[in-house]
Amino acid sequence: MAMPRILRGSCLVALCALDSAAHGQSTGEGISGSSCGTSLGQPSCSFREHLAEGGEPSGLNLMQLRQAKGKVAAKMAPAEPRNLEAVHDDMIVAWLRRASASAKRLTTHLLWPGSSPYLVDRAPSSSHQSAQAHIAVLQNRETPTSGSVDLDPIVSAASPLDDILTIVPGLLVVYLLLHLVVSFLGELRNEDKAAAAASADVAASSVLAATKGGDSSVPGVTVEEPKKGSSSGPQTVFNIVKNIVGEGMLSLPAGVAAGTGILGAMVIATGFCVLLGYTFSIMGRVCHATGGKTHKDCAKKADGPILAQTMAVTLMLKTGFTCLSYAIVIGESYSRIFHYFGFMGVFAGKQSVLIAITLMVLVPLCLQRDLSILSYTSLIGICGEFSVVVFMQVRYVDGSYDVGGRYYEEIAEKYRPEFGPNGVDYWGTSAATFVLLSTLSTAFIAHYNGPKFYVQMKAPTIQNFNKVVTLAFLFSLSIYLWVMSVGYLTFGKDCDGLILNNYSEKDGGATFARICIGFAVLFGFPLAFTALRDATCSTFGFDNQKQGTFAAVTFGLLIPITAVGCLVSDLGLVNALGGAIFGGLIVLVFPGLLLIYAAKNTEGGAKVFSRVAEQRGAWVLVAMGLVLCLFGSTIVLLKKFSPSTLKH
């Protein structure tokens, strides 16, 4: 059992020895001055002795050692472009080596969990002081006049826990995505068979009528046409997932970096998923109980016009925030894509790009009435979002944005990785945790389309709706946990509100990711816009069944959204503030009130919501939503405009 500890410790000692030997050779001191080498050797010996005795260095020391070694590499590099290509001229090999190191760390931790030297130890120890001394020497020693140090950039201080946090959600996403695709293709096959059978029945009846010389219609024989505009189970899952997982996922790493540990954030996200999945299912159950097809219809039948109008106005404002977020991502992403390919000037700017895409792409998509038509584009969008997180995982593994990495110097200072003096935060919480809560209330929101998803199902029953909601929210949670862990563990406290901004415009992979998220947002925008248009018509009493009114409202909303999207660029603020003010009402307060009043005032609601405990729990939902609205919005504004206030 001691062997893995000694082997793992020896690897770290070897790294220290390489630094010491290289430094000694370059300064002419050699390594014969002591049994451990130069002045750098003594801390290395103490570090080695601690490991050989079975000690476990803290995650804090390893993270700082990683950053210090990268800074030394940057200092020792030649003035002419840094000789990273000479050290690792084959980036594919470097990536494979890094991936192999991660796999070895994870395997060792799983096989010998008690002996892993990477376990986090927050308590001060002798290893803490000795490693701190070693880091101090690394940071302060002068650049040698000749020679170079081969500091392997694939060496990572990441713990096996970090690897698990990024690998497990990714595997779950892959499994669920494959399951959804197979189910979707199966549904398409079944629909084709049903259509072929219906066509055969029509042809047979026509032939029979012709042989009898009578009317083509056959008494007693009716051919049921396939339902138009109705969504199957997999189609509804795709639409819900696409409605949930959009630009909001790009703000989650910043929500974690605001002041919450990564493990704590993942627990909070899981709790939010369960809670908001439940409130989403309430919307379908209320539609079933009241017979309503919109939020306003359900509220009017359950309570009265006051609640109905309040919900309509709130939905209109929240979906307006959501569409604005989509517009910001579209403008930022495609503008940076054009920059990567060498297009500059006013026509490659955010404003011009957003206006052009709105006219050529968004207008035709937003003029669609039936959401089932968008299920095909939703599948494309989900695959695009999956590709974005895959890219982030690759960059986390290959270390391109670590100190001394390939793209570290290519990004602005505010985007570079920074974990603070304590390294990776796993369980920390603070007042700024409300920023994460507000972001999550937006990230999991699809409630404004809840009634429409239920009504447009082929078999709108409570059981079918609950199955669809469970699968959709589980898939969304898997993607969110993945992007949260990869984004935060790559950039730490410097995660931007739009995480792709942290990646260099010269990074071809980042450009590919921006193209993918651009497609995903393009195909997610119509789903959010449909809810905005319905809420607007409901609020002002417009009849959107008239084609002229439908088109006028569509253009009347797209124009101001595009205009504001050209002027605003802080996606994190828009998501967090919109989620705090309106998200808490839509995902918690309104479902709770609808449950209470439907159970009290309608016959169907009394049957569907017959359990007293559930009715009492609805008041808890209302209270939680009000707390999120009041405190969440306050914390979000303080974090943005007076961050020092939260530190006192």
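Sequential numbering from 1 along the given sequence is applied to the chain's residues.
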- Start with the C-alpha gap between K493 and D425, add the side-chain angles, then the distance that decides, and say whether salt bridge (Lys or Arg N to Asp or Glu O under 4.0 Å) holds. CA-CA 10 Å; K493 296 182 179 297; D425 185 2; 5.2 Å; no
I'd like to know if the side chain of [X] reaches the main chain of [Y], judged simply by a donor and an acceptor atom lying under 3.5 Å from each other, with no hydrogens or angles considered.
X	Y	result
S251	G497	yes
Q351	C566	yes
T260	V256	no
T279	V587	yes
T539	A312	yes
T433	T429	no
K242	A520	yes
S476	V245	no
S352	G349	no
T439	L252	no

Nearest heavy-atom pair of [X] and [Y]: which atoms, and what distance?
X	Y	answer
V486	Y396	CG1-CB, 4.0 Å
L522	Y334	CD1-OH, 3.3 Å
V388	C516	CG2-CB, 3.9 Å
G509	F391	C-CE1, 3.3 Å
Y480	A443	OH-O, 2.5 Å
A528	Y326	CB-CE1, 3.8 Å

Within the 4.5 Å heavy-atom criterion, are [X] and [Y] side-chain neighbours or not?
X	Y	value
Q456	N239	no
I240	L471	no
F525	L365	no
S333	V521	no
I499	F491	yes
I268	L440	yes
M392	Y503	yes
I462	V608	yes

- Worked verdict on M283 versus H295 for side-chain contact (heavy atoms from CB on, under 4.5 Å): CA-CA 8 Å; M283 299 308 306; H295 284 82; 3.3 Å; yes
- Item | T554 vs F529, side-chain contact (heavy atoms from CB on, under 4.5 Å): CA-CA, chis, key distance, verdict | CA-CA 9 Å; T554 298; F529 185 83; 3.7 Å; yes
More than 12 heavy atoms from other groups under 6.0 Å of [atom1] on [X]:
X	atom1	answer
K301	NZ	yes
L567	CG	yes
Y278	OH	yes
F519	CZ	no

- Given L165, L477, V173, the one that forms side-chain contact (heavy atoms from CB on, under 4.5 Å) with W482: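 Running side-chain contact (heavy atoms from CB on, under 4.5 Å) over L165, L477, V173 with W482 returns exactly one hit, V173.
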Within this structure, what is the [atom1]-[atom2] distance for the pair [X] and [Y], rounded to the nearest 0.5 Å?
X	Y	atom1	atom2	answer
C298	D303	SG	CG	12.5 Å
Y408	S400	OH	OG	14.0 Å
L489	I262	CG	CD1	5.5 Å
C323	L532	SG	CG	5.0 Å
L621	L588	CG	CG	6.0 Å
I635	L630	CD1	CG	11.5 Å

- Query: Taking NZ, NE, NH1 and NH2 as the nitrogens, is one of them in D494 or R416 under 4.0 Å from a carboxylate oxygen of the other?
  - Reply: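 No, no charged N to carboxylate O under 4.0 Å.
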If we count only N and O atoms by modelled type, under 3.5 Å, do the side chains of [X] and [Y] hold a donor and an acceptor together?
X	Y	result
K318	T322	yes
N501	R336	yes
Y448	D534	no
T294	D297	yes
N502	D496	no

- salt bridge (Lys or Arg N to Asp or Glu O under 4.0 Å) between E332 and R514, worked out: CA-CA 9 Å; E332 290 282 354; R514 293 185 179 104; over 6 Å; no
- Query: Which word best sums up how the rings of Y407 and Y401 line up, parallel for under 30°, tilted for 30 to 60°, or perpendicular for over 60°?
  - Reply: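 Geometry flag for Y401 against Y407: parallel rings.
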- Task: Could you label the plane-to-plane angle of the F465 and F280 rings as parallel, tilted or perpendicular, counting under 30° as parallel and over 60° as perpendicular?
- Result: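 Judged by the thresholds at 30° and 60°, the geometry between F465 and F280 is parallel.
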- Task: Apply the test salt bridge (Lys or Arg N to Asp or Glu O under 4.0 Å) to residues R285 and E614: give CA-CA distance (whole Å), side-chain angles for both, the deciding distance (0.1 Å), then the verdict.
- Result: CA-CA 13 Å; R285 296 163 67 194; E614 188 172 26; 2.8 Å; yes
- Message: What verdict does the side-chain contact (heavy atoms from CB on, under 4.5 Å) test give for M249 and V389, after you've listed the backbone C-alpha separation in whole Å, the side-chain angles of each residue and the deciding distance to 0.1 Å?
- Response: CA-CA 10 Å; M249 78 174 192; V389 193; 4.2 Å; yes
- Item | side-chain contact (heavy atoms from CB on, under 4.5 Å) assessment of V469 paired with V237 | CA-CA 7 Å; V469 171; V237 171; over 6 Å; no
